[in-house]
Amino acid sequence: MEEVNQTSVAQFILAGLTENPKLQLPLFFIFLAVYLITVVGNLGMVILILFSSQLHTPMYYLLSSLSFIDYCQSTVIIPKMLLNFVTEKNFISYPECIVQFYFFCVFVVAECHMLGAMAYDRFVAISNPLLYNVSMSFQVCLLMVAMVYGVGLLSATAHTVFLVRVFFCKADKINHYFCDLFPLLELSCSSAFINEVLGHSISAFNIIVPVMTIISSYVFIIVSILHIKSSGGRFKAFSTCSSHILAVALFFGSTTFMYLQPSSISSMEQGKVSSVFYTIVVPMLNPMIYSLRNKEVKVALKRLLRKMFPQNKE
């Protein structure tokens, strides 16, 4: 019988974003700053929602889950990426590469469906506010989060099971800054047809289903908003949704460009730039997008800071 894993390549070299030595150090400090902002922003959002009772609602439970996903996704990618800027060759062992790919896949798929779940939450809140607490109870919210992570785990497991069957024999330089599916398949010495079909199929499902959920939710949201008589009420409803729309556009725009086009060497070069958005830029921007435009988050942050740093009045 054929061995499940015939890989003779013990380690890979990550090509990184650029091989220009003049750009290595500036990019290191840029992405280090981005990572620190991402960690502080997303963990700060999780902590704020956890310790602010006024934010204990389904919308903010979903937002805290999104922040946790963004933190984990960045941590899977960026620390290893930073090494590429300060070392001559950024080596990654085969097992470490597979593990990185697995967890990246879990969290990127989870983010796709979490954005869909958040769109549905906004639809229920705006279209039927009187029944919101019933339709989006804690149990329903918990079930949605469990399904989001479940789809992420199933997708990552399916990809990884077929990926470890691919034979890597000679080429060991991954044309990317992390272990992603299609850059890895470029190095395959065996047929990767099944992996490519599976990759495009799962990517299509995990992009199209959430996008259709988001589009249909916002169609009903717009209809509901247009029925609101007061201009103030319409503005408040639109402002509630605008942050989510911006996050969705950035994330799905870049993931669609990367995963729903035929794989080729030229597209891989363009894919590096595209993947920077959904693996690095979007996780950094999400806490800002959802907090700077949200009065409840600002008020909760001020209250939490007052509790942590009380002013002594004599």
Side-chain angles (χ1 to χ4, degrees), residues 41-73 106-107 109-153 206 209-225 227-228 233-248 251-252 282-283 285-304:
N42 285 290
L43 288 185
M45 185 67 76
V46 172
I47 292 169
L48 177 64
I49 293 171
L50 181 65
F51 289 99
S52 301
S53 57
Q54 66 270 34
L55 299 182
H56 289 178
T57 63
M59 182 178 79
Y60 292 108
Y61 287 141
L62 295 176
L63 179 55
S64 65
S65 295
L66 179 68
S67 294
F68 177 73
I69 289 169
D70 283 335
Y71 162 74
C72 292
Q73 183 176 308
V106 169
F107 294 118
V109 171
E111 177 142 358
C112 290
H113 292 278
M114 186 59 70
L115 290 171
M118 292 173 73
Y120 175 76
D121 172 74
R122 291 298 82 208
F123 156 67
V124 175
I126 294 174
S127 300
N128 205 344
L130 296 178
L131 295 176
Y132 177 69
N133 291 330
V134 177
S135 302
M136 287 295 297
S137 64
F138 177 76
Q139 290 78 11
V140 172
C141 186
L142 188 62
L143 179 61
M144 290 174 67
V145 172
M147 290 176 65
V148 163
Y149 283 107
V151 174
L153 290 168
N206 289 319
V209 170
V211 166
M212 292 306 295
T213 302
I214 292 165
I215 291 173
S216 57
S217 295
Y218 276 103
V219 167
F220 287 111
I221 286 171
I222 291 170
V223 171
S224 299
I225 290 175
H227 282 88
I228 298 175
R234 286 196 295 269
F235 176 77
K236 183 179 179 181
F238 272 121
S239 64
T240 303
C241 300
S242 60
S243 299
H244 184 254
I245 293 172
L246 179 59
V248 165
F251 181 78
F252 282 106
V282 171
L285 291 179
N286 274 345
M288 302 179 194
I289 291 172
Y290 286 105
S291 61
L292 295 178
R293 297 176 60 85
N294 191 307
K295 291 182 179 179
E296 290 180 333
V297 171
K298 292 178 183 178
V299 171
L301 180 59
K302 290 178 182 178
R303 289 179 180 176
L304 185 62

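The environment of Phe123 atom CZ is dense: over 12 non-hydrogen atoms of other residues, nucleotides or ligands sit within 6.0 angstrom. The local environment of CZ in Phe220 is sparse, with at most 12 non-hydrogen atoms from other residues, nucleotides or ligands closer than 6.0 Å.
Closest non-hydrogen pair, Ile214 versus Ala119, comes out as CG1-CB, 3.7 Å. Annotation for Pro283 and Asn42: closest pair O-ND2, 2.9 Å, computed over non-hydrogen atoms. Scanning all heavy atoms of the two residues, the minimum distance from Tyr149 to Ser65 falls at OH-O, 3.9 Å. Heavy-atom minimum distance, His56 versus Tyr61: CB-OH, 3.4 Å. Closest approach of Arg122 to Ile221, counting heavy atoms only: C-CD1, 3.8 Å. Taking both residues in full, the closest heavy atoms of Ala110 and Ile69 are given as CB-CD1, 3.8 Å, listed atom of the first, atom of the second, then distance.
Side-chain contact between Asn286 and Glu111: present, with at least one pair of heavy atoms (C-beta onward) separated by less than 4.5 Å. Within the 4.5 Å cutoff, the side chain of Phe252 has heavy atoms near those of the Pro210 side chain. Considering only heavy atoms from C-beta on, Leu50 stays 4.5 Å or farther from Ile47 through its side chain. Within the 4.5 Å cutoff, the side chain of Met136 has heavy atoms near those of the Met144 side chain. By the 4.5 Å heavy-atom criterion applied to side chains, Val46 and Ser67 are counted as neighbours.
Side-chain atoms of Ser216 come within 3.5 Å of backbone atoms of Thr213 as a donor-acceptor pair (strictly under, hydrogens ignored).
From Asp70, atom CG reaches atom CZ of Phe251 across 8.0 Å, with rounding to the nearest 0.5 Å. The distance from atom CG of Leu301 to atom CG of Leu55, rounded to the nearest 0.5 Å, is 10.0 Å. Separation of atoms CD1 (Ile49) and CD (Glu296) is listed at 11.0 Å; rounding is to 0.5 Å. Separating the CG atom in Leu142 from the CE atom in Met147 is a distance of 12.0 Å, to the nearest 0.5 Å. The CG atom of Leu63 sits 10.0 Å away from the CG atom of Asp121 when rounded to the nearest 0.5 Å. Of the inter-residue distances, the one linking Phe138 atom CZ with Leu143 atom CG reads 11.5 Å to the nearest 0.5 angstrom.
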Worked verdict on Ser135 versus Val140 for side-chain contact (heavy atoms from CB on, under 4.5 Å): CA-CA 7 Å; Ser135 302; Val140 172; over 6 Å; no

